[in-house]
2 protein chains.
Amino acid sequence: MFISTSEHGVDAKNRVSVPANYRAVLRNDPHDAIYLFPHFSGAYLEGGGELFIQQYRADIARLGRYDPLGQIMEVAVLGAARRLDFDSTGRVTLPKALIEHAGISGKAAFVGCGSRFEIWNAEGQAAREVEMRQAAAKMMQDPEQVARLGGGQDLATLVGNSPALSDLLKRGDT
Amino acid sequence: MFISTSEHGVDAKNRVSVPANYRAVLRNDPHDAIYLFPHFSGAYLEGGGELFIQQYRADIARLGRYDPLGQIMEVAVLGAARRLDFDSTGRVTLPKALIEHAGISGKAAFVGCGSRFEIWNAEGQAAREVEMRQAAAKMMQDPEQVARLGGGQDLATLVGNSPALSDLLKRGDT
DNA sequence: TTGTTTCCCATAAAATCCCATGGTATCCCA
DNA sequence: TGGGATACCATGGGATTTTATGGGAAACAA
């Protein structure tokens, strides 16, 4: 699971270190690489490992070959995505197109979002984090929003009822 | 279950011993670690084991990728969360960002909250405990709040949460 | 050539591991 | 019920490893 936020310098060769704890998540992947694409709804990159990209692929495949939405997503996601291999010290080289989309210069911020992560330019992310945190605090005072969130009750029930799910969680690295 | 409150010193390397009874709760987790994040609605940290973080993840996932509330929670919780591994004597090293958020210096107070726990700076926690106790007393004078609490009548839920209790009931000597 | 990409090595800082120690709670047996 | 032995817990400090990052040499493309 990708969690935590950290900033890393982007050097003159456009190389950036992928956080070590992210690399640990990808340890069992076939390629020792990440997949990244410029996100269609904002100035940031979205990425992850093999599972991440295959989820998009599965979503698109389920729509069928002739579905317009599927065709859009094929181009917007798969068409724009890149596979970036790690060098021996855990860095990747960001293609110019991705750097420009996210407006990255000097420093890039990696934000863990569970099964995927985002890459923002550092200043933008710092501002966004403050904003999101305040929004979260506000949400908690609205009973309707709190109810939508649920409060973890589902999973507790699920795990209680299902040894299989419990084992899955224990196996880790999801 | 995480219960009881205890204070522990934070040394020059920002290491702190996790209470032994908390560690016992985590014994079956896949990673021998805790997850912690700076809480968005106060100067404290919230944490727990694998189940704790997966509950947040499940709540967020259930909302779907394009739900604004979900995006807020991704950044405010998963984006800010850290996994802290135990050293061989049961300590974790608190990242600087977390220490600053909670205003911890010298001593940290662990407060057990059942399926999760909180970490406060020691003085803040002492004040809060008194405050919460008074708030509880006040709640009990409001019939509506008392009704919401229920009064422990839901035995089925209790048993569902505790295999030990379930066994006890099956044995029949209650 | 010239610019770009890939691989490899070097280094400083930071995180982590390992061992030692004092104190406290627990156990056990007379 | 006392009192000693034992195990466990919290904490300190040094040694080792990992991480992030800079820069150079070799391979490749235009």
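In what follows, every chain begins at residue 1, and chains take the letters A, B, ... in the order their sequences are listed. What you are looking at is a predicted structure, and each value in this text was computed from that prediction instead of being measured.
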Do [X] and [Y] touch side chain to side chain, with heavy atoms closer than 4.5 Å?
{"X": "Y44(B)", "Y": "I119(B)", "value": "no"}
{"X": "I34(B)", "Y": "Y22(B)", "value": "no"}
{"X": "L84(B)", "Y": "P95(B)", "value": "yes"}
{"X": "Y56(B)", "Y": "E46(B)", "value": "yes"}
{"X": "V77(B)", "Y": "F40(B)", "value": "yes"}

Given axes from five pairs at either end, by how many degrees does the helix from dG3(C)-dC28(D) to dA30(C)-dT1(D) bend, rounded to 10°?
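Helix axis angle between the two ends: 30°.
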Which label fits F117(B) and F110(B): parallel for a plane angle under 30°, tilted from 30 to 60°, or perpendicular past 60°?
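Because their plane-to-plane angle lies in the 30° to 60° range, the rings of F117(B) and F110(B) count as tilted.
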Between atom CE of M139(B) and atom CD of E144(B), what is the distance when rounded to the nearest 0.5 Å?
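The CE atom of M139(B) sits 10.5 Å away from the CD atom of E144(B).
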Value in whole Å for how far the [atom2] atom of [N] lies from [atom1] of [X]:
{"X": "I99(A)", "N": "dT5(C)", "atom1": "CD1", "atom2": "P", "answer": "10 Å"}
{"X": "F86(B)", "N": "dA10(D)", "atom1": "CZ", "atom2": "P", "answer": "11 Å"}
{"X": "D32(B)", "N": "dC17(C)", "atom1": "CG", "atom2": "P", "answer": "10 Å"}
{"X": "Y22(B)", "N": "dA10(D)", "atom1": "OH", "atom2": "C1'", "answer": "16 Å"}
{"X": "R82(B)", "N": "dA14(C)", "atom1": "CZ", "atom2": "C1'", "answer": "12 Å"}
{"X": "H31(B)", "N": "dT16(C)", "atom1": "NE2", "atom2": "C1'", "answer": "17 Å"}

For each nucleotide in nucleotides 15-30 of chain D, reading 5' to 3', give B when a protein heavy atom comes within less than 4.0 Å of its base, S when such contact involves only the sugar-phosphate, and - otherwise.
----SSBBBB------
For R83(B) and N21(A): C-alpha separation, side-chain torsions, deciding distance, then whether side chain to side chain contact (heavy atoms under 4.5 Å, CB included) applies.
CA-CA 9 Å; R83(B) 195 185 99 194; N21(A) 57 323; over 6 Å; no
5' precedence on DNA chain C between S88(A) and K96(A) (nearest-nucleotide basis)
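Going by which nucleotide is closer to the 5' end, it is K96(A).
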